[in-house]
Amino acid sequence: MNNSIIVRFAPSPTGPLHIGGARTALFNWLFAKKNNGLCLLRIEDTDKERSKKEYENQIIETLNWLEINPDKEPFKQSLNINKHVEVANKLISNGNAYKCFCTHEELEKEKELCRKKNLPYVYSRKCRDKEESSGIFVVRFKSKATGISQLDDLVQGKIQILNSTIEDFVILRGDATPTYQLSASVDDHLMNITHVIRGDDHKINTFKQVQIFEAMGWHIPKYAHIPLIHSREGKKLSKRDGTATVEDYQKIGILSESLRNYLLRLGWSYKDKEIFSLEESIQLFNLEGIGKSPSKLDIDRILSLNETYIKNFNELKLFSYFTKYINDFKNKIDEDSLNKIKINFGVFKNKAKTLEDIYNNCKFVFDYKKIDIENLINKDEKNLMSLFAEKISQIQYNEHDKIKQVIEVIIDEKKIKYKDFGQPLRLILTGTKFAPSINEIIVCLGIVETKKRLSLYF
RNA sequence: GGUCCCUUCGUCUAUCGGUUAGGACAUGUGGUUUUCAUCCAUAAAAGAGGGGUUCGAUUCCCCUAGGGACCGCCA
């Protein structure tokens, strides 16, 4: 096996897995699998305030749900802090970084001044060549002050930037802990990362991190910055949209297969192909197919894709997804009902876009409420129903065919359309107008239950 | 404000200088149907604007407009 390619997905455990993060993870994983490489998971937990163990677990579980499994145990960044600090010291000793004794107040003043003059702010670099003094200090990297840097991005192409716009960024805080720019660079090096595939929001950071690599004489990985995902309105996805995290989609009963397929096709394409199995994704994925512009999330497309998956899914497997879904997000269904649902699962999954739809479709089996018959059903219909109730009273529990016959006789005798009979009966039996066909309802419920429900009214 | 990036139907996208600009979702219409849905058929729908380059530009270049990202001792 050729392990020459190593990528990583590096979320910070400060919240549940973001939908954009899931896509980044997917692209990394696919790229690694396609190239017989390794995909690693690095938990960037150096922000002690905001990092939570529960989120770390949740992210790992969610990735697992999406079947995006890292090739090694998750790597926790906080465990490597000593090494990051070592590098910072090395950078000081080789003249690429320096101690900065400026206080917050001083920096505030600098910023204030710039604001007044309407100038863009970058740190003045005034500690750069100053004698060391005493007190609390941060360590800053000596960033290039003039000229232009270029990044050959695998997705975005050539990106040039004015070096003067990047300040001497902090690599070690006042409490001697490393910042993101340092930790990420050091870990990418230590983990032998060959390709950094991450969100577009990190693009400018790359110019900082590459400089650390250069100063340390390390081999620089290749970078691919993928465009961000926006909300329908074209804005940044916020928690309020209810569509920002993977969990939001789990809640409404989206299958991991369809979410993964959707994410794959969002910002990436292969000809006109829409449906990709996991194997096909691995086989066909490439960085060249990633578009340059940000894309908007389209819930209708997710739903439609999910519907397609539900239709074509192995029924037994789908049922096991369904029971897990109920278990995680809904009230428990009694065993007898669950069994009825299982036997007639095809009926319920038929009209469903989501697992939640399936749940709602079969709700009448386990959660029946008596309807307001006076207002919902007129007198003629009531007579029909009562006639029907009477005629089936002698029918045995397994004689479904006889019920069919009874119905046919009634509509024939009364010279009515099937619809005129079916709709009130559907309402009585299920409590709703939108339910399966009459036969399916009766089969699902069983004749005993059917009679029982009718007997509530007649 | 500065730096950088992006721009094909409403949405995701195909096209890698010559196409009736294709597909999918959503939408409209018609049909099938035992409600609803499915399903089938069909329609409408796009190259932001302006300059170049070229025999020819959606495609290459420039400008404008619009959108986005970043500008922390967060990651």
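None of the values given here were measured: they were computed from a predicted structure. In what follows, every chain begins at residue 1, and chains take the letters A, B, ... in the order their sequences are listed.
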Nearest heavy-atom contact between I290(A) and P227(A) is CG2-CD, 4.0 Å
Closest heavy-atom pair, Q58(A) versus P16(A), reported as atoms and distance to 0.1 Å, is NE2-CB, 3.5 Å
Under 4.0 angstrom, heavy atoms only, what part of the nucleic acid is [X] near: base, sugar-phosphate, or nothing?
| X | value |
| --- | --- |
| L266(A) | sugar-phosphate |
| Q181(A) | base |
| T46(A) | sugar-phosphate |
| N205(A) | base |
| E274(A) | base |
| R50(A) | base |
| V138(A) | base |
| G267(A) | sugar-phosphate |

Of all the choices, [options], which nucleotide is nearest to the side chain of [X] once you look at every atom?
| X | options | result |
| --- | --- | --- |
| H104(A) | G1(B), C73(B), U13(B) | C73(B) |
| L162(A) | A26(B), U11(B), U3(B) | U3(B) |
| V170(A) | C73(B), U34(B), G2(B) | C73(B) |
| D300(A) | C6(B), C25(B), A75(B) | C25(B) |
| Y121(A) | C6(B), G72(B), A26(B) | G72(B) |
| S293(A) | A75(B), U3(B), U7(B) | U7(B) |

Counting only heavy atoms from other residues, nucleotides and ligands, does the tally under 6.0 Å from [atom1] of [X] exceed 12?
| X | atom1 | answer |
| --- | --- | --- |
| K34(A) | NZ | yes |
| I275(A) | CD1 | yes |
| K451(A) | NZ | yes |

Ordered by number, residues from residues 405-437 of chain A within less than 4.0 Å of RNA chain B (heavy atoms) are Y418(A), Q423(A), R426(A), K433(A), F434(A), A435(A), P436(A), S437(A)
Sorted by position of nearest nucleotide on RNA chain B, 5' first, the leading residue of I302(A) and F137(A) is I302(A)
Of Y270(A) and P178(A), the one whose nearest nucleotide on RNA chain B sits closer to the 5' end is Y270(A)
Using whole Å, what does the distance between atom [atom2] of nucleotide [N] and atom [atom1] of [X] come to?
| X | N | atom1 | atom2 | result |
| --- | --- | --- | --- | --- |
| L305(A) | U11(B) | CG | P | 19 Å |
| L154(A) | C5(B) | CG | P | 17 Å |
| I159(A) | C70(B) | CD1 | P | 14 Å |
| N360(A) | A37(B) | CG | P | 16 Å |
| I275(A) | G23(B) | CD1 | P | 17 Å |
| Y262(A) | A24(B) | OH | C1' | 12 Å |
| K111(A) | C71(B) | NZ | P | 11 Å |

- Message: Could you tell me how far U59(B) sits from G18(B) if I compare only their P atoms? Round to whole Å.
- Response: 11 Å
Using the P atom as the point on both nucleotides, what is the distance between C6(B) and C61(B), in whole Å? 10 Å
* Mind telling me whether H189(A) and W218(A) have parallel, tilted or perpendicular rings, with 30° and 60° as the class edges? => parallel
Short side-chain N/O contact from [X] to OP1 or OP2 of [N], under 4.0 Å:
| X | N | result |
| --- | --- | --- |
| S51(A) | A75(B) | no |
| K351(A) | C36(B) | no |
| T14(A) | A75(B) | no |

Value for CZ (F345(A)) from SG (C362(A)), rounded to nearest 0.5 Å, stands at 7.5 Å
Nucleotide by nucleotide, nucleotides 38-49 of chain B touches protein heavy atoms under 4.0 Å in the pattern (B base, S sugar-phosphate only, - none) SS----------
With B for base contact, S for sugar-phosphate-only contact and - for none (protein heavy atoms under 4.0 Å), nucleotides 60-69 of chain B reads --------SS
_For a 4.5 angstrom cut-off between non-hydrogen side-chain atoms, does H225(A) reach V155(A)?_
no
Would you say the side chain of N439(A) and the base of U34(B) hold a donor-acceptor pair, judged only by whether the two atoms sit under 3.5 Å apart?
yes
Next on the checklist: If we count only N and O atoms by modelled type, under 3.5 Å, do the side chains of S231(A) and E233(A) hold a donor and an acceptor together?
Outcome noted: yes
The residue among R140(A), R128(A), K126(A) that forms salt bridge (charged side-chain N to carboxylate O under 4.0 Å, His left out) with D168(A) is R128(A)
Given the options Y309(A), Y325(A), Y249(A), L255(A) meets side chain to side chain contact (heavy atoms under 4.5 Å, CB included) only with Y309(A)
- Return yes if some donor-acceptor pair links the side-chain N/O of D200(A) with the main-chain N/O of L228(A) below 3.5 Å, else return no. no
I want to check a possible cation-pi pair here: K99(A) against F137(A), using under 6.0 Å from ring centre and within 45° of the ring axis as the test.
yes
(request) Go through the steps for K349(A) and F313(A) under the test side-chain contact (heavy atoms from CB on, under 4.5 Å), then give the verdict. (result) CA-CA 10 Å; K349(A) 73 158 201 182; F313(A) 225 69; 5.6 Å; no
